[in-house]
> 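This structure is in structure tokens; I'll ask about it shortly.
Residue numbers run from 1 in the order of the sequence given. This is a predicted model, so every value here is computed, not measured. Both ligands and their constituent atoms are indexed starting at 1 by order of listing.
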Amino acid sequence: MKIAVIGSGYVGLVAGVCFADAGNDVVCVDTDAGKVERMRAGEVPIYEPGLGDLMHRAIREKRLVFTTVHAEAVRGAAAVFIAVGTPEGPTGEPDMRYVDAAVRDVAKAITGPAIVVLKSTVPVGTAKRVRALLAASLHPVAVVNNPEFLKEGAAVEDFLRPDRVVVGTDDDAAFDTMKRLYEPFVRTGKPVLRMSNAAAELTKYASNAMLATRVSFMNEVARLCDAVGADVEDVRRGMGTDARIGPAFLFPGCGYGGSCFPKDTQGLIHVGKSFGVPMNIAKAVEAVNDDQKQLLVERVKARFGANLKGRRFALWGLAFKPRTDDVREAPAIVIADGLLAAGAHVVGTDPEAIPTMRAVLKDRITYVQDPYDAVKGADALIVCTEWNEYRGADLERIRAALVQPVVFDGRNVFEPARMRALGFEYQGIGRGGKA
Ligand code: NAD
């Protein structure tokens, strides 16, 4: 099948590569000419495990090409996927300008009956609006919602083996095409769920807001654990083994970030507002998360004083989560900002996200590739991202490098008892008090 994918970001590129891997002919379009040039040369523009191998094979076998020209991609395509960004606007509602621009470009390029698939996360009512925008086209166009549930850091794996595929459409033929496209990925019996466009739009927001709810809930429970002297790890295991609750997304930390949870929780709040249904839980989830991102700064100040002039802190982990270079809404940004505002010097390190964080924080912090260089001469180590390599770090080397053996572990990567035995002053999140 010939497929066009508009937007080659974390979602569009992964979708394009995986559809090509399944034998389709895919044309990926992006307005960023530099990025298209790099992808044509075989460069993978994002860090995503496994993506490079599949991308290179698909390019080599001529099933995947890149262009900046929408018409080249859309001409003759059985399905046109729109996977451009829908970032959070200034008042919390999704900024739809990229989707609208892409739809306008697609409308001009359509040369026959087509299926336009909204893969971007879009507010309820978008399919209806897009259908109206495309109504002027001379050809019949079905508008389908196919929200994406992949996780950055495991995007390829998630795309190739989804838990479910959601297809929102009232068009039988469009549904059949979507089912055929996804067949190679759901052969283990995972469902392709057909529903209305509005239900599909809402499913995506509600899913992310639900996951964010679990995280914020556990962050509050962790604060309570610190207050009562209980270990949140015990509480988490005690809760997560209940089959009705399940173990996923019960890990407390220094706040969630990324391009999805904050934006989509805000998106749900906004959809509720536009339909007159207050989303009070989602509002609380966001408020708790905003506070949680400040927690480590508060703790550093409680330990070292409100004025951090002359102090130096090592930040381990800049990405919003491990196995990605994405720093959008990363807690590390809030923590670095808070420490800088109090006069501290911050040294950041990350296996993948130094270039992306440099674009955000510029030279306001120092960047080092080696985590042990980051702790050299620092007053404390602050862990913001649970990269696997940090779990097995040489703790004695860290202690020797720090000016004071103080560790604020925002992701609970270390064991409190071991840290204490090694002479660290250790604070995890909800690990049974501050000792
Ligand atoms: P991204 O910002 O990484 O990529 C978007 C790409 O679209 C960019 O390369 C940009 O240059 C390009 N673009 C913008 N306007 C264009 C146009 N008119 N024509 C062609 N290209 C255009 O975004 P992303 O993280 O891939 O997210 C895309 C959508 O998928 C969003 O709605 C997001 O909420 C959703 N989503 C993201 C994730 C994730 O983990 N990143 C997961 C599920 C869903």
Side-chain angles (χ1 to χ4, degrees), residues 4-18 27-39 43-49 51 66-74 80-89 93-109 116-123 126 130 133 145-159 162-163 165-166 200-201 203-209 211-212 256-268 270 319-321 323-330 356 359:
V5 182
I6 318 288
S8 306
Y10 288 88
V11 168
L13 182 58
V14 169
V17 166
C18 292
V27 185
C28 285
V29 194
D30 205 286
T31 42
D32 181 340
K35 193 182 206 179
V36 168
E37 217 32 70
R38 294 200 304 278
M39 293 189 295
E43 193 182 311
V44 189
I46 51 171
Y47 174 75
E48 196 55 66
L51 185 59
F66 301 97
T67 180
T68 53
V69 183
H70 292 73
E72 275 176 25
V74 172
V80 179
F81 284 79
I82 295 183
V84 299
T86 46
E88 192 176 319
E93 84 280 26
D95 179 348
M96 297 300 286
R97 93 182 94 144
Y98 304 103
V99 171
D100 290 353
V103 170
R104 277 195 299 275
D105 287 330
V106 170
K108 276 187 260 165
V116 171
V117 185
L118 292 166
K119 190 161 254 322
S120 298
T121 303
V122 293
T126 303
V130 167
L133 286 173
N145 289 91
N146 171 224
E148 181 50 56
F149 297 96
L150 62 77
K151 300 181 289 296
E152 283 178 28
V156 171
E157 182 60 26
D158 286 348
F159 199 93
D163 289 337
V165 175
V166 168
E201 288 166 338
T203 296
K204 175 64 192 173
Y205 280 120
S207 299
N208 270 353
L211 294 172
Y256 59 74
S259 69
C260 291
F261 282 15
K263 162 178 90 64
D264 294 349
T265 307
Q266 282 295 344
L268 185 70
H270 193 262
F320 84 93
K321 68 171 186 177
R323 292 162 66 87
T324 181
D325 59 354
D326 198 343
V327 299
R328 289 178 280 188
E329 306 273 341
T356 40

> Looking at ligand 1, does K263 have a heavy atom less than 4.0 Å from it?
yes
> Just to be sure I'm reading this right: ignoring hydrogens, which of G9, G7, G258 gets closest to atom 4 (O) of ligand 1? Compare them by their nearest heavy atoms.
G9
> At their closest point, which heavy atom of T324 faces which heavy atom of A319, and how far apart are they?
O-CB, 3.3 Å
> Where do Y98 and T31 land on the side-chain contact (heavy atoms from CB on, under 4.5 Å) test, with the steps shown first?
CA-CA 10 Å; Y98 304 103; T31 42; over 6 Å; no
> Would you say D30 has any N or O atom under 3.5 Å from an N or O of ligand 1, going by distance alone?
yes
> For ligand 1, find out whether one of its N or O atoms is nearer than 3.5 Å to an N or O atom of K119.
no
> Could you tell me whether T121 and ligand 1 have an N or O pair separated by under 3.5 Å?
yes
> Do ligand 1 and R328 have nitrogen or oxygen atoms that lie under 3.5 Å from each other?
yes
> Please report which non-hydrogen protein atom sits nearest to atom 43 (C) of ligand 1, along with the residue it belongs to and the distance in Å to one decimal place.
E148 O, 3.1 Å
> Heavy-atom contacts with G85 under 4.0 Å: which atoms of ligand 1 show up? List them by number with element.
5 (C)
> What atoms of ligand 1 come within less than 4.0 Å of a heavy atom belonging to K35?
8 (C), 9 (O)
> What's the shortest distance from atom 20 (C) of ligand 1 to any protein heavy atom, and which residue and atom give it?
I6 CG2, 3.4 Å
> List the closest protein heavy-atom neighbour of atom 19 (N) of ligand 1: residue, atom name, distance to the nearest 0.1 Å.
H70 NE2, 2.9 Å
> N/O to N/O below 3.5 Å, does that happen between T86 and ligand 1?
yes
> List the closest protein heavy-atom neighbour of atom 39 (C) of ligand 1: residue, atom name, distance to the nearest 0.1 Å.
E152 OE2, 3.4 Å
> Please find the pair of heavy atoms, one from G267 and one from Y205, that lie closest to each other, and give the distance.
CA-CE2, 3.8 Å
> Tell me which one of V11, T68, V36, T31 gets a heavy atom nearest to atom 36 (N) of ligand 1.
V11
